Amino acid sequence: MAALRARLVAGEHIVWTGKPNPASTMMSKWAVALFAIPWLLGTGYGFLSARAAGDQAEMVVAFIFVCVGLVMLATPVAAFFRARRTTFAITNRRLLAITRNGRSLTSILLSGVRQVERFDRHGGTTLRVPTALVSDGEGGRSVDYLELHGLSDGERAYQLLVGQ
């Protein structure tokens, strides 16, 4: 909370805080981990085949794919620990997402919040707030979001954001 208070500007005060539920955040990532199992089996077989054939270049490529599979397998655990370090806050001026150590801060002026998408799943509420329209360089566009996920008190946050 001290890291959050340190980021407030003069005249700004906190009206709501919330933390994601680490367990529900982890549960939402299991599909990636399940996909990692066949991925690792296939790339592990490719690595062993390349090793048996003595093909160094193919071994390097297969090793990179094995590393990607290990990262996918660790995704739920990483999401759990990331959720434990995250705090969301709504002040009288901004919507904030901050890590416990204060290294990462996302801040959106409440006057810039035009819409809020709400999903009730995994035992909590997830709110998605568009932050930017991003161009992919080839004429396509996508929307970046700040996602407040796994909130036990999501109704209050939703009302504060849409009723401002």
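The first residue in the sequence is number 1, and the count goes up from there. All of these numbers come straight from a predicted model, not from anything done at the bench. Note that these values count all heavy atoms, side chains included, but never hydrogens, waters or copies made by symmetry.
Cluster annotation: V77 is connected to M27 through the hydrophobic network of ILVMFWY side chains, with a link wherever side-chain heavy atoms come within less than 4.5 Å. The cluster map of Ile, Leu, Val, Met, Phe, Trp and Tyr, joined by side-chain heavy atoms under 4.5 Å apart, puts I64 and L40 in different clusters. Transitive grouping of hydrophobic side chains (ILVMFWY, heavy atoms separated by less than 4.5 Å) keeps F63 and V71 in distinct clusters. Neither L73 nor F80 shares a network with the other; the hydrophobic side chains, linked directly or stepwise wherever heavy atoms of I, L, V, M, F, W or Y lie under 4.5 Å apart, form separate groups for each. Tracing side-chain contacts under 4.5 Å through hydrophobic residues (I, L, V, M, F, W, Y), one reaches V116 starting from F88; they form part of the same cluster.
Contact check for E147 versus L127: no side-chain heavy atoms found under the 4.5 Å cut-off. Contact of the Y45 side chain with the L41 side chain is not registered, since no non-hydrogen atoms from C-beta on lie closer than 4.5 Å. Within the 4.5 Å cutoff, no side-chain heavy atoms of V32 are placed close to those of L34. Side-chain contact between K19 and T86 is absent, with no heavy-atom pair separated by less than 4.5 Å. The side-chain heavy atoms of T91 and V15, taken from C-beta on, include no pair separated by under 4.5 Å. Side-chain contact between M59 and F47: present, with at least one pair of heavy atoms (C-beta onward) separated by less than 4.5 Å. Put simply, the side chain of Q115 reaches to within 4.5 Å of the side chain of P130, judged on heavy atoms.
Interatomic distance, T87 OG1 to L148 CG, rounded to the nearest 0.5 Å: 11.0 Å. Rounded to the nearest 0.5 angstrom, T43 OG1 and L48 CG are separated by 9.5 Å. Distance check: L109 CG to R94 CZ gives 7.5 Å after rounding to the nearest 0.5 Å. With rounding to the nearest 0.5 angstrom, the CD1 atom of I37 is 10.5 Å from the CE atom of M72. Going from atom CG of L96 over to atom CG of L8 covers 7.0 Å, rounded to the nearest 0.5 Å. To the nearest 0.5 Å, atoms CD1 (I90) and CG (L110) are separated by 7.0 Å.
Pairs engaging residues 17-42 under the ring-ring contact (aromatic ring centres under 6.0 Å, His included) rule: F35-W39, W39-F65 [sequence neighbours left out].
Put simply, the side chain of Q159 never gets that close to the backbone of R156: no donor and acceptor are under 3.5 Å apart. Between the K29 side chain and the A79 main chain, no donor and acceptor come within less than 3.5 Å of each other. When atom types are taken as modelled, the side chain of D120 and the backbone of G154 share no donor-acceptor pair closer than 3.5 angstrom. Panel note: side chain N21, backbone G150; no donor-acceptor pair is recorded below 3.5 Å.
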Go through I108 and T131 one step at a time and tell me if the side-chain contact (heavy atoms from CB on, under 4.5 Å) criterion holds.
-> CA-CA 7 Å; I108 303 170; T131 58; 3.3 Å; yes

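Of the charged side-chain nitrogens involved, at least one lies within less than 4.0 Å of a carboxylate oxygen, so that R118 and E155 count as a salt-bridged pair.
Taking every heavy atom of both residues into account, H149 and T126 meet most closely at CA-OG1, 3.7 Å. Scanning all heavy atoms of the two residues, the minimum distance from E58 to G46 falls at OE2-O, 4.3 Å. In plain terms, the two heavy atoms of P20 and A83 that are nearest each other are CG-O, 3.5 Å.
Within a 6.0 Å radius of CZ in F119, other residues, nucleotides and ligands contribute more than 12 heavy atoms.
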